[in-house]
Amino acid sequence: MTSAHSETATVVSPDDYPHRHDSNQPTNSLEKTLSKTHDANRPDISFPFETTNIAEGGLTNEYRAVTDAGYVSADTALRPVPSRLPQTPQAFRDPEKAQTIKDVKFVTWLKDDPEDPRNWSNLYRWYITAVAAMSVVSVAFASAVVTGDFDGIQSEFHVGEVVVALSVSLMVAGFGIGPLAWSPLSELFGRRPLWIIPTIIYVIFNIPCAYARNIQTLLICRFFCGIFASAPLTLAGGTISDIWDNNERGFAIALFAAAPYGGPVLGPIVGGFVGETVGWRWILWVNMIFAGVITIFCATLPETFAPVLLRKRAAKLREETGDPSYTTEQEMFKLSLSQVVVETLIRPFQMLATEPILLLMSMYIALIYGLLYAFFFSFPVVFGEGYSFNDGIVGLTFCSVLIGVALALCVTPRIEANYRLRAEAKGGSADPEDRLVGMMIGCWFVPISLFIFGWTSPPYVMPGGGNWVGPCSAGIPFGFGMVVIYFSANAYLIDAFPGYVASALAAKTVIRSGSGAAMPLFITAMFHNLGNGWAASTWAFISLAMIPIPFLFYRYGRSIRAKSKRATA
């Protein structure tokens, strides 16, 4: 698809799509039959971006549409990819191809279609949402649970703290690599196989971790755990988007936004008490049991991905009617393997290099994610060394972060409601920058939490009585700011790059995971060498330097997008 952008641009005009202005247009056209809970002006993140040649065919709302006939003419369904200079899809530039497209029927959902995941009962859809969110909590939990007994691993294998920290870093690195494969595979084969197969393999890889007789085995298997455990991280957001339309998924997406940040916080709480009582190997057995239970629930999830469901329906219609014109856009404009590689492995990094919005937002998200993992190593320094708390009690201090996450879950639906009000005030279509309100609120809480954490810790406030409350309470504003920032930044990237959502989110995931993997390797030494106050303040000042980002994009984001090749204009 990258090659399409190197061609001479063909700017879209109304004459390129005369059917859109035809008063005799059939009543089952996409524009008139979208689900009443779906906002066609907002990106569909359930669209198969990584396996569909949108440069040739453009985008379509086929997978969200509801028609009386169960199909729509392809030439009325396709539209240009939103960007600074929308180009007429290649299929419409060739008169012969354009004539052929008129005879193609893109299969859609029927009214009250029982196979449409959006028509399933609210109870069932909330069950699917809960399983998807808990699966993310489970794998995020696994990344940090081993911090509960690092001393045990160090003493058994006679290695230093940096080597042991790799057991966290390598798993988080796997979180960044795995989605590059799971995302396109889920578009080709559906979500259900990817919910089951990688998670089972992940559970199996916990066994050699628990039985490891040397540090190499533990580290290698933790890396593979991260790769296979990343499947839920890849699938959860898409699954939630499959079953909830974009005007009704506010709280469901808030749960998904909180899960990868709340999950790791549970790890030290459980791991601290398990490691203290029965040793580090049992930490990994407990993790495997937790992962196994969640995998059983994941196996109950049905297929929810509309392109796959409609592709099967199109095949059935072709067989039953003998009419080969029934198809889906994904089938008609299928990407080759080389194009899929470009889409998943090359384009995300091209966009990081050329899109300032994506680069700076990814860096901000990476900072927040990295600071979360920094807490897993700085809390033991402050509370374990400074207050002489045992591993179990040190783990309990992370409850403050969970309180902040819970508060954020109460606020994010209000931020989403504020966005809808802004959209209504602008005639039903808000600017992507309206998503930044949450970031502008949450960005202040992160540096505040770090200053509190650093300067209320020993030796500045000596241990004794309830003095531990100071650094412990720092987790509340951090947990709140962390989730609110991620919720808003993620939504902004989706709205800013509606035609390149998959690449933008892949780039963000790689950068985020890289930061989370790097932090554990030097945070302990940083706190030992600089002292608690200045180590925390260093990151607080970096967080302060990031604060202008959402405000500047809120003010200048529209003009920056206007100069971009891939951002919506």
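Bear in mind that the values here come from a model prediction, so they are computed numbers and not experimental data.
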In this structure, OG of Ser457 is separated from CH2 of Trp468 (nearest 0.5 Å) by 13.0 Å

Hits for ring-ring contact (aromatic ring centres under 6.0 Å, His included) against Trp455, two or more places apart or cross-chain, chain-then-number order -> Tyr460, Trp534

When every non-hydrogen atom of Pro268 is compared with those of Pro264, the smallest separation belongs to CD-O, 2.9 Å

Residues at least two apart in sequence or cross-chain that pass side-chain hydrogen bond (donor to acceptor under 3.5 Å, both in side chains) with Asn467, listed by chain then number, are none

Scanning both residues in full, the closest heavy-atom pair of Leu345 with Phe349 reads O-CD1, 3.1 Å

Phe273 side chain near Val278 side chain, heavy-atom distance below 4.5 Å: no

### side chain to side chain contact (heavy atoms under 4.5 Å, CB included) evaluation trace for Cys225 with Asn287
CA-CA 11 Å; Cys225 277; Asn287 180 64; over 6 Å; no

d(Ile153 CD1, Ile283 CD1) to nearest 0.5 Å is 7.0 Å

Check the pair Trp244, Trp126 against side chain to side chain contact (heavy atoms under 4.5 Å, CB included), reporting the backbone distance first and the verdict last.
CA-CA 10 Å; Trp244 302 102; Trp126 277 113; 3.3 Å; yes

Show me, pair by pair, the donor-acceptor contacts under 3.5 angstrom made by side chains of residues 514-525, not counting sequence neighbours?
| from | atom 1 | to | atom 2 | distance (Å) |
| --- | --- | --- | --- | --- |
| Ser515 | OG | Ala366 | O | 2.7 |

Sequence neighbours excluded, the answer for side chain to side chain contact (heavy atoms under 4.5 Å, CB included) partners of Ala229 is Val139, Met171, Phe175, Tyr202

The complete set of side-chain hydrogen bond (donor to acceptor under 3.5 Å, both in side chains) pairs with one or both residues in residues 207-222, sequence neighbours excluded, reads Asn214-Thr217

Output for pair (Ile365 CD1, Leu360 CG), nearest 0.5 Å, gives 11.5 Å

Practice task
Hey, can you tell me if Phe541 and Phe451 have their rings parallel, tilted or perpendicular (30° and 60° cut-offs)?
Solution key: perpendicular

Do Phe150 and Phe377 have their ring centres less than 6.0 Å from each other? yes

In short, salt bridge (Lys or Arg N to Asp or Glu O under 4.0 Å) pairs touching residues 462-487 with sequence neighbours left out are none

Heavy atoms of Ala212 and Trp280 approach each other most closely as O-CH2, 4.4 Å

Taking every heavy atom of Ala132 against every heavy atom of Ala236, the minimum-distance pair comes out as O-CB, 3.8 Å

Take Tyr492 and Met361, measure what side chain to side chain contact (heavy atoms under 4.5 Å, CB included) needs, and give me the verdict at the end. CA-CA 9 Å; Tyr492 180 50; Met361 282 292 158; 3.7 Å; yes

* Within the distance-only criterion (no hydrogens, no angle test), does the side chain of Thr304 pair as donor or acceptor with the backbone N or O of Pro117 below 3.5 angstrom? -> no

Looking at Asn532 and Pro458, would you say the former's side chain and the latter's main chain have a donor-acceptor pair under 3.5 Å?
yes

**Prompt:** Between the side chain of Ser488 and the main-chain N/O of Ile485, is any donor-acceptor distance below 3.5 Å?
**Reply:** no

With sequence neighbours left out, the residues meeting ring-ring contact (aromatic ring centres under 6.0 Å, His included) with Tyr261 are Tyr369, Tyr486

Centroid separation Trp539 to Phe453 less than 6.0 Å: no

In short, Phe49 meets Val501 closest at the heavy-atom pair CE1-CB, 3.9 Å

Q. Is the backbone N or O of Phe305 less than 3.5 Å from a side-chain atom of Arg191, with the two atoms forming a donor-acceptor pair by type?
A. no

Sequence neighbours excluded, the answer for side-chain hydrogen bond (donor to acceptor under 3.5 Å, both in side chains) partners of Asn529 is none

OG1 of Thr397 to CZ of Phe379, rounded to nearest 0.5 Å, is 5.0 Å

Notebook entry, point to check: Quick one: does Ser513's side chain have a donor or acceptor within less than 3.5 Å of a partner on Val510's backbone?
Noted result: no

Of all heavy-atom pairs linking Tyr387 and Val461, the shortest is OH-O, 4.1 Å

Residue pairs meeting salt bridge (Lys or Arg N to Asp or Glu O under 4.0 Å), one or both in residues 266-284, sequence neighbours left out, come to Glu156-Arg281

Paired with Phe223, the side-chain contact (heavy atoms from CB on, under 4.5 Å) test is passed by just one of Leu219, Ile227, Ile220, namely Ile227

Interatomic distance, CZ@Phe290 vs CG@Asn206, rounded to 0.5 Å, equals 12.0 Å

Exactly one of Ile415, Leu407, Leu409 clears side-chain contact (heavy atoms from CB on, under 4.5 Å) with Val411, and that residue is Ile415

Side-chain heavy-atom pair Phe297, Tyr127 within 4.5 angstrom cut-off = yes

- Query: Can you tell me if Thr239 and Trp195 form a side-chain donor-acceptor pair at under 3.5 Å?
  - Reply: yes

Between Tyr500 and Glu355, is there a side-chain heavy-atom distance shorter than 4.5 Å?
no

The complete set of side-chain hydrogen bond (donor to acceptor under 3.5 Å, both in side chains) pairs with one or both residues in residues 224-233, sequence neighbours excluded, reads Trp182-Ser230

Given Leu396 and Ile269, is the side chain to side chain contact (heavy atoms under 4.5 Å, CB included) satisfied, shown in steps?
-> CA-CA 5 Å; Leu396 281 180; Ile269 297 174; 4.2 Å; yes

*Note, Val145 side chain near Val274 side chain (heavy atom, < 4.5 Å)*: no

**Report entry** Donor-acceptor pair, side chain of Ser183 and main chain of Leu180, under 3.5 angstrom
**Finding:** no

- Does any non-hydrogen side-chain atom of Met482 lie less than 4.5 Å from one of Val401? yes

- Glu187 side-chain N/O to Glu50 backbone N/O, donor-acceptor pair under 3.5 Å: yes

Residues passing the ring-ring contact (aromatic ring centres under 6.0 Å, His included) test with Phe553, sequence neighbours excluded, are none

*Any side-chain heavy-atom pair from Trp120 and Ile128 closer than 4.5 angstrom?*
yes

Do side-chain atoms of Arg512 reach the backbone of Ser362 as a donor and acceptor pair under 3.5 angstrom?
-> no

Residues pairing under side-chain hydrogen bond (donor to acceptor under 3.5 Å, both in side chains) where one sits in residues 143-152, two or more places apart or in two chains, turn out to be Ser143-Tyr373

message: Any heavy-atom pair between the side chains of Leu194 and Leu185 that's under 4.5 Å?
response: yes

Next on the checklist: I'd like to check Phe141 versus Val270 (side-chain heavy atoms, cut-off strictly below 4.5 Å). Are they in contact?
Outcome noted: yes

